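Every number for a ligand or one of its atoms is a count from 1 in the order of the listing. Residues: numbered from 1 along the sequence shown. Since we're looking at a predicted model, the values are computed, not measured. The figures here come from the full heavy-atom set of this structure, side chains too, leaving out hydrogens, waters and symmetry mates.
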Amino acid sequence: MNTTSDSAGGTVQPLQFVPMYQKRTKIYARSVRGLYARLRWAIVALTQGVFFGLPWLQWNGRRAVLFDLDVPRFHVFGLVLQPQDLIFLAALLVIAALALFFFTALAGRLWCGYSCPQTVYSEIYQWIELKTEGDRHVRMKRDAMPWTVGKAARKTAKHALWIAAALAAGFTLVGYFVPIRDLGPHLAEAGIASWPAFWVLFYGGMLYGNAGWMREQICSYMCPYARIQSTLIDGDSLVIAYDNARGDPRGARPRRTDPASVGLGGCTDCTLCVQVCPAGIDIRNGLQNECIGCAACIDACDDVMRKMDYPTGLIRYATSRNGVAQGLGGKEMLRRVVRPRVLVYGGLLAAALVAFVAALATRAPVHMDVIRDRGVMARLGEEGQVQNLYRVQLTNRTERIARYRLGVEGLPDVVVETPADVVMAPGESKSLTVTLALPPAAAQGRPAGAEPVRLSLTEPGLSEPVLREKTTFLIPR
Ligand code: SF4
Ligand code: SF4
């Protein structure tokens, strides 16, 4: 420690050096069983079942989900999304943001604790660690010992399985963008000097590093959501909390001892809630930024409470404003949690979801852009008819062959001269030059100017067009 003195030789202030870098303390999370652990594993099974299964699923004779960047075209079951449909992606992002606001206001870091890929893969990696190296105390003991063949073999097995899991996930992710059945042979042939191989290794490497090595550091230091979540929750959000009033003073005591008889609260100070915490924090010190809301500490503490024959819930989901202090539960707790902020977020989320589904359901099966040919304003045809030319871009948004008849509405006597019918393969885009014509007799006496018209597309056998697009028809002087 250095000291400074002012120019008059007066007060001396000690200078303290505070390190900007905090050395990481390795966390040896203990395995835990219980209701929330089962829930987390159910979500792991669901998310990974969907993630690993979807690229192999067939739908109407083709891949159910394929993000084909070459064309570019996204197939999601019967839906074909193209660059013109980017609005749906933007809408999805808005829905995701609203869902995050809603669930955070309702119950804190639900996303982090149960379904964030970082949590899901950390859970899988911790399970591999448990199977290869044992539980917390065994791992701690072995890590403190010098290297032996057995220790090296266990660590090698763990890392080999971690890498295999990471590469499997990388392979699957790339399989969403290329034909997954050809990906294996392609990688075997092209080796690592190919783009698919690069992305498999890149994603696999990220996963191995994040879930295997960095774990809680991603959540504590790198994830922006951890920073903003404090602005989204308030005193009435459900969070994981330790009940000080019931638990303190803490202390060890024989099993099934009445806490009051020994002048203690319900907490036996066993520290199991700290040992199972993947973030390495003590929830008894209050809600902290590092807490990912995984509820492992609830499972651990409930187990202790059951063994002690005490009521469970010393650590529980509760609101910090009233739930913990007043021991609120049931309907009263629900009344506090379902407050205006939650209702507003929930209402916005429901409205966005309904609008999204409605927009998708009523989406025209074909996309049409009509651009007037600027080079040719209007011209007279061989038989004296007035002709207007348009560049029409059509995209078949379905997975079937589409046939349409072009029509024109809005100006009597104007007809489509060419082309009459269009046939498009599934997902095909076509650029057409369309000529509209006004017969000479009808053109005579019509004032010059731009008349609004609509180009329409009608499927054979249907009377109503599936799509109409506005444009103008020019009548020259
Ligand atoms: S697990 Fe429960 S009893 Fe044990 S230290 Fe944590 S709060 Fe106290
Ligand atoms: S304090 Fe509890 S809920 Fe928070 S990260 Fe640790 S174990 Fe999970």
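Atom 5 (S) of ligand 2 has its nearest heavy-atom neighbour, among I292, V32, V276, in I292.
Closest non-hydrogen pair, A105 versus R341, comes out as CB-CD, 3.8 Å.
The salt bridge (Lys or Arg N to Asp or Glu O under 4.0 Å) test with E123 is passed by exactly one of R215, R40, R38: R40.
In summary, the side chains of S237 and R339 do present a donor paired with an acceptor at a separation below 3.5 Å, with no hydrogens or angles considered. Using modelled atom types, one finds no donor on one side chain facing an acceptor on the other under 3.5 Å when comparing H75 with R63. Checking E216 against S220 by side-chain atom types alone, no donor-acceptor pair falls below 3.5 Å. Looking at H159 and Y208, their side chains do bring a donor and an acceptor atom within 3.5 Å of each other.
Atoms of ligand 2 lying under 4.0 Å from at least one heavy atom of I240, given by number and element, are 3 (S). Ligand-side atoms of ligand 2 in range of I281: 1 (S), range being under 4.0 angstrom from any heavy atom. Within the listing of ligand 2, atoms 3 (S), 4 (Fe) sit less than 4.0 angstrom from a heavy atom of G293. Atom numbering of ligand 1 starts at 1 in the shown order; those under 4.0 Å from a heavy atom of I315 are 7 (S). Near C267, with a cut-off below 4.0 Å to any heavy atom, the atoms of ligand 1 are 3 (S), 5 (S), 7 (S), 8 (Fe). Set against the non-hydrogen atoms of M305, the atoms of ligand 1 under 4.0 Å away are 3 (S). Close contacts between ligand 2 and C277 involve ligand atoms 1 (S), 5 (S), 6 (Fe), 7 (S) [criterion: under 4.0 Å to a heavy atom]. When each atom of ligand 1 is checked for a heavy atom of R284 under 4.0 Å away, the hits are 5 (S), 7 (S). Contact atoms of ligand 2 toward I283: 1 (S) (distance under 4.0 Å to a heavy atom of the residue). Counting atoms of ligand 1 from 1 in the listed order, those under 4.0 Å from a heavy atom of C301 are 1 (S), 2 (Fe), 7 (S). Of all atoms in ligand 1, numbered sequentially from 1 with element shown, those under 4.0 Å from a heavy atom of T268 are 3 (S), 4 (Fe), 8 (Fe).
Salt-bridge annotation for R139 and E133: absent, with no side-chain N of the basic residue lying under 4.0 Å from a carboxylate O of the acidic one. A salt bridge is defined here as a Lys NZ or Arg NE, NH1 or NH2 lying under 4.0 Å from an Asp or Glu carboxylate O, and R397 with D85 meets this definition. A salt bridge links D243 to R316: at least one charged side-chain nitrogen sits closer than 4.0 Å to a carboxylate oxygen. Salt-bridge formation is not detected for the pair R253/D269: no Lys NZ or Arg NE/NH1/NH2 atom is positioned less than 4.0 Å from an Asp or Glu carboxylate oxygen.
Contact check for L314 versus Y242: side-chain heavy atoms found under the 4.5 Å cut-off.
Contacts with ligand 1 closer than 4.0 Å are made by no heavy atom of R250, backbone or side chain. Residue contacts with ligand 1, taken as heavy atom pairs separated by less than 4.0 Å, do not involve V274 at all.
Residue side and main chain included, C270 places no N/O/S atom under 2.8 Å of atom 2 (Fe) of ligand 1. For C291, the nearest N, O or S atom to atom 4 (Fe) of ligand 2 falls under 2.8 Å.
Considering only non-hydrogen protein atoms, atom 6 (Fe) of ligand 1 sits nearest to C273 SG, 2.3 Å. Nearest non-hydrogen protein atom to atom 2 (Fe) of ligand 2 is C297 SG, 2.3 Å. Looking only at protein heavy atoms, the nearest one to atom 8 (Fe) of ligand 2 is C294 SG, 2.3 Å.
Formation of a donor-acceptor pair under 3.5 Å by the E129 side chain with backbone atoms of Q126 is not found in this model.
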